[in-house]
Peer 1: 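One structure, as structure tokens, below. Some questions next.
Values below: every heavy atom of this structure, side chains too, minus hydrogens, waters and symmetry copies. Each chain gets a letter, A, B and so on, in the order the sequences are listed, and its residues count up from 1.
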2 protein chains.
Amino acid sequence: VVSKALVQKVRRTLDQYDLIPAGARILVGLSGGSDSVALTLLLEELARHGEFSVVSLAHLNHCLRPTAGRDEAFCRSLSVRMGLPIAVESADVRGYAAAETLSIEDAARRLRYRFLERAADASGATLTAVGHTRDDQAETLLLKLMRGAGSTGLGGIYPRRGTIIRPLLDVSRDELRSYLVERSETWIEDESNADLTNPRNRIRHRVIPEMDATYGGRTSAALARAADLMREDGQWLDELAAARFELLAGVTAEGIVFEASALLSEPAPIRRRILLLAMRQHAPGREIARVHIDAGEAVLKSKAERADVPVGQWELKRGKLVLSRQRGESK
Amino acid sequence: VVSKALVQKVRRTLDQYDLIPAGARILVGLSGGSDSVALTLLLEELARHGEFSVVSLAHLNHCLRPTAGRDEAFCRSLSVRMGLPIAVESADVRGYAAAETLSIEDAARRLRYRFLERAADASGATLTAVGHTRDDQAETLLLKLMRGAGSTGLGGIYPRRGTIIRPLLDVSRDELRSYLVERSETWIEDESNADLTNPRNRIRHRVIPEMDATYGGRTSAALARAADLMREDGQWLDELAAARFELLAGVTAEGIVFEASALLSEPAPIRRRILLLAMRQHAPGREIARVHIDAGEAVLKSKAERADVPVGQWELKRGKLVLSRQRGESK
């Protein structure tokens with residue numbers, strides 16, 4: 001009973017966001033946790049009636065937990081049972097995090113998506129499905145809010161980004177577990193999920209239950225829906241801002257240059273996004289925080305002479321706002 | 001020491017949002033709680049150096065709590081001590097809530113703002129100051145998120161709305177209490193704040209402390225800042241949508257009418273806001289929820305034939321989306 005309703009629900013998500021075109025060949029990212037195991041089974045079920053196929057699984061051994069070997073073995077045996085090939089690699093997440101000064105979580109994510117890309121190429125997959133749920137969506141929204149993000153970024157997890165698709169974004173973790181139990185399937189419990197020093201776990205096990213108690217019901221659905229709407233607003237504003245950025249930004253030997261007066265006449269939501277785009281273009285892949293946008297705004301409005309940001313330095317020079325690569329301390 | 005920094009901070013808020021023009025005559029809404037007592041003292045202090053004056057206080061006795069009489073007496077005595085007149089009225093919040101099928105909180109808020117408007121008129125005040133803090137802002141954001149609001153509405157509490165101003169929006173409740181303690185001032189503790197069946201209290205005493213524990217610091221500031229940015233985005237989108245609404249909406253005997261094709265070609269963030277504006281114009285003062293916008297969208301996209309909403313009915317008729325006053329059940 002759970003199964004049938006759940007399959008319908010996932011099908012609706014696929015339709016709503018046009019996630020899987022006919023003829024798609026899908027790689028499934030598999031950690032061995034309930035979400036990705038359910039994703040694998042659900043996509044196999046949908047593929048039977050659908051016009052796409054699951055061509056391979058892919059598991060990255062993060063070598064972080066003592067149980068990492070067991071998780072890998074679990075994934076390999078699932079792949080055998082399902083008659084699907086599986087790509088497996090091991091990654092030195094700790095080493096990479098140290099070398100790139102990233103958090104373990106950020107380093108793991110980056111290495112995971114790179115691995116998935118390689119695995120998709122190797123298996124001839126056209127899309128890669130990952131198992132993020134409505135609960136992940138709600139947790140991500142709260143984490144971003146607590147870091148004070150604005151609408152951009154508040155949209156949380158996207159149903160599709162490039163060739164990555166997330167068919168489970170409208171489904172709760174509990175629904176997936178009921179589905180697995182109903183089908184007598186097992187999964188790996190990640191014992192590190194109980195560690196409350198990890199912000200996401202604290203949100204999951206403490207903050208959201210308190211929110212649920214406030215209205216006596218699940219708030220994840222409402223939070224995820226709010227994230228949807230913010231993503232909708234944010235995406236459109238991002239598009240508008242990208243077009244304005246193309247028009248207003250000049251690239252010189254000094255860096256990225258704007259006419260200050262032109263930038264000041266943009267509405268604030270667009271102006272802030274233009275500053276963000278400049279920093280992203282200047283140093284792709286670096287995390288840009290709200291304070292770095294604030295810094296650019298302050299310089300633009302002559303409230304500060306210059307401001308160092310991780311990607312360089314904002315400076316106002318003869319009516320032009322300049323984002324240069326050199327930073328104040330290097331002078 | 002607290003006093004001086006706090007006065008500076010409030011002055012910055014006044015400047016940033018241009019809250020008090022020169023020559024303004026201000027009425028202060030006074031409940032007797034720490035926020036509004038501090039507001040009264042701070043504005044008096046700022047008025048000494050500023051170019052505005054505090055002309056009166058105003059207290060509405062909500063007749064809800066057994067201590068309502070004590071609260072009123074406290075406010076009257078503060079007004080005497082400060083040499084400021086005070087307008088006092090009593091309201092039958094319970095009766096009004098029942099008559100209008102509103103929550104006690106909504107009924108109290110509506111009666112309070114109406115009273116403040118009358119009191120401002122009577123005292124010749126040009127602006128009315130109320131004591132909302134950064135904590136109120138953070139709590140409101142979370143409450144709205146849990147009800148699944150989108151960007152509109154997520155902006156939370158506005159620094160200014162019409163003649164209502166909120167000079168304490170950048171200040172925390174704790175800062176205000178330290179200020180009062182430093183000045184040996186007292187205030188009324190609202191014992192109903194401890195009632196955890198009230199959603200706002202639960203957010204205040206349970207959810208936000210759990211969020212604080214997640215990163216080991218105050219999250220209210222980050223939440224309030226996120227609300228600022230969402231308000232900025234939302235306000236601009238609201239303005240764009242209002243202009244499009246004027247262009248696209250026709251008012252006929254049937255109700256508010258749109259060309260469906262024109263509405264469908266609007267970007268989603270604008271289209272949703274146009275539907276909201278239609279419902280607001282159709283029945284001013286009614287609470288419109290996200291589901292009522294969803295209902296309009298579903299009808300527009302032919303996913304439903306018609307949909308009843310509190311303000312009437314959405315229907316698609318010969319290529320036109322109509323919001324009519326009659327509802328399905330009245331046929």
Peer 1: Which atoms of A:Arg272 come close to chain B, meaning under 4.5 Å heavy atom to heavy atom: side chain ones, backbone ones, both, or neither?
Peer 2: side chain
Peer 1: Does a salt bridge link A:Asp294 with B:Arg225, judged by any charged N lying under 4.0 Å from a carboxylate O?
Peer 2: yes
Peer 1: Taking every non-hydrogen pair under 4.5 Å, which of B:Thr219, B:Val207, B:Asp212 racks up the most with chain A?
Peer 2: B:Val207
Peer 1: Is it the backbone or the side chain of B:Thr214 that comes under 4.5 Å from a heavy atom of chain A, or both, or neither?
Peer 2: both
Peer 1: At a 4.5 Å cut-off on heavy atoms, which part of A:Ile270 comes close to chain B: side chain, backbone, both, or neither?
Peer 2: side chain
Peer 1: Using a strict threshold of under 4.0 Å (side-chain N to carboxylate O), is an ion pair present between A:Arg65 and A:Asp190?
Peer 2: yes
Peer 1: Please determine if B:Arg200 and B:Glu105 form a salt bridge, counting it only when a charged side-chain N lies under 4.0 Å from a carboxylate O.
Peer 2: yes
Peer 1: Is it the backbone or the side chain of A:Ala221 that comes under 4.5 Å from a heavy atom of chain B, or both, or neither?
Peer 2: neither
Peer 1: Considering only NZ, NE, NH1 and NH2 on the basic side and carboxylate oxygens on the acidic side, decide whether A:Asp233 and B:Arg273 come within less than 4.0 Å.
Peer 2: yes
Peer 1: Heavy-atom cut-off 4.5 Å, strictly under: side chain, backbone, both or neither for B:Ala224 against chain A?
Peer 2: neither
Peer 1: Measure A:Ile293 against the heavy atoms of chain B and call it side chain, backbone, both or neither at under 4.5 Å.
Peer 2: neither
Peer 1: With a 4.0 Å cut-off, would you call B:Lys144 and B:Glu139 a salt bridge?
Peer 2: no
Peer 1: If you measure from the Lys or Arg side-chain nitrogens to the Asp or Glu carboxylate oxygens, is any gap between B:Arg204 and B:Asp135 under 4.0 Å?
Peer 2: no
